[in-house]
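Below: the structure, in structure tokens.
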Amino acid sequence: MKIGLLQLCSSDQPDENLAVTTDLLRKAAEGGASFILTPEVTNCVSSDRAHQDRVIRTETEDATLSTLASEARALGIWLLIGSLALKTEGGDGRYANRSFLIAPDGRIAARYDKIHMFDVNVSETEQYRESAGFRPGARAVVAATPFARIGLSVCYDLRFPHLYRRLAQAGAEILTVPAAFNDTTGAAHWESLLRARAIENGAFVLAPAQSGSHAVHNGRPRRTWGHSMVVAPWGEVLADGGTDVGVILADIDLAEVARARQRIPSLTHDRDFEGP
Ligand SMILES: O=C(O)CNC(=O)[C@H](CS)NC(=O)CCC(=O)C(=O)O
């Protein structure tokens, strides 16, 4: 089957981002993709709380979700909206960083709220406190489709291998890692971590990414790493999106999951042990 990754450079204007995303989604479908994926925070990249409060909507009011779900239906494709920043009802006023799997009939087949929050000082000038704006999820999700079982994750989750272990042990054959990796840690770690998750779990890793220069964050534009990737279960990088905004297409053979797991059955060799 053919996979389409959308590499975006989302701004802090959801309407603009939706127009670009819709256009690229149609291109990916024209290119033959039957499963298309968008990056983390497809609808809005911003760290300005007052601005976010003006433009971010709840799940039921969000135009990105309803429009892309209708597009998926019109195109007859499976769609992973990597994530949307959404207002949540109740709770403490923080947003959800929520991933959606949309079926070809336009219905929501699965939702997943990012579990691990990026509260990190990347350098003295680049600091993130994702948990100040977003409320973390607490439930891992595997969704069944006619072509594969899909384990959902988002961005910084990539650094927590036990999450992917659980997803693979629950049957996931494809692991999705939509991201907005920053360009410092992206250069150092992105490809290695993606390949490690694919190899250690014998699964395809599909990682659509934000790329380029976004809305100002801590007084400077926020830069993301791009390099959207498709990684095979044996660890080969089947596609690397570079840094341009656009569509990345890759053919995958899902039989490779069983082949990789037969050659190295480590997924079934976990053992309980004591200490340290
Ligand atoms: O802020 C938003 O709008 C949405 N959230 C994100 O983009 C998050 C928090 S800043 N980014 C990451 O998790 C990058 C992880 C990363 O770069 C690493 O693990 O090295």
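It should be emphasised that the depicted structure is a prediction, and the values quoted were computed from it without experimental measurement. Scope of the values below: all heavy atoms of this structure, side chains included, with no hydrogens, waters or symmetry mates. Both ligands and their constituent atoms are indexed starting at 1 by order of listing.
Heavy-atom separations between K114 and ligand 1 include at least one value shorter than 4.0 Å. Residue-ligand proximity: R129 is placed with every non-hydrogen atom at 4.0 Å or more from ligand 1. For the pair V45 and ligand 1, no heavy-atom separation below 4.0 Å is found.
The protein heavy-atom contact nearest to atom 17 (O) of ligand 1 is N182 ND2, 2.9 Å. Considering only non-hydrogen protein atoms, atom 20 (O) of ligand 1 sits nearest to T185 OG1, 2.6 Å. With hydrogens left out, the protein atom closest to atom 7 (O) of ligand 1 is R222 NH2, 2.5 Å, a heavy atom. Scanning all protein heavy atoms for the shortest distance to atom 5 (N) of ligand 1 gives E130 OE2, 3.1 Å. With hydrogens left out, the protein atom closest to atom 4 (C) of ligand 1 is V41 CG1, 3.5 Å, a heavy atom.
A salt bridge does not link R129 to D119: none of the charged side-chain nitrogens sits closer than 4.0 Å to a carboxylate oxygen.
Of all the heavy atoms of N97, the ones lying under 4.0 Å from any atom of ligand 1 belong exclusively to the side chain. At a heavy-atom cutoff of 4.0 Å, ligand 1 is contacted by both the backbone and the side chain of Y156. Contact annotation for M117 and ligand 1: no heavy atom of the residue comes within less than 4.0 Å of the ligand. At a heavy-atom distance under 4.0 Å, only side-chain atoms of Y128, from C-beta outward, approach ligand 1.
The only member of E40, H214, E16, Q210 that meets side chain to side chain donor-acceptor pair (under 3.5 Å) when paired with S10 is Q210.
H189 has its side chain within reach of R159: a pair of non-hydrogen atoms, C-beta onward, lies under 4.5 Å apart. You'll find the side chain of E256 reaches within 4.5 Å of the side chain of F204, heavy atoms only. L267 places a side-chain heavy atom less than 4.5 Å from the side chain of R165. Counting heavy atoms from C-beta outward, I3 and L37 have side chains that approach closer than 4.5 Å. Taking 4.5 Å as the limit, some side-chain heavy atom of L65 sits within range of a side-chain heavy atom of I102. Looking only at side-chain heavy atoms (C-beta outward), F134 and R94 stay at 4.5 Å or farther from each other.
The cationic group of R259 does not satisfy the cation-pi geometry with W234, failing either the under 6.0 Å distance to the six-membered ring centre or the 45° limit from the ring axis.
Atoms of ligand 1 found under 4.0 Å from any heavy atom of A180, numbered from 1 in the order shown, are 7 (O), 11 (N), 14 (C). Shown in contact with R159 at under 4.0 Å from a heavy atom are these atoms of ligand 1, numbered in order with element: 18 (C), 19 (O), 20 (O).
For ligand 1, the polar-atom distance check against E40 finds a nitrogen or oxygen pair separated by under 3.5 Å.
With distances taken over non-hydrogen atoms, the option nearest atom 12 (C) of ligand 1 out of C155, G186, A188, P178 is C155.
Listed for the S153 side chain is a donor-acceptor partner under 3.5 Å among the backbone atoms of T176.
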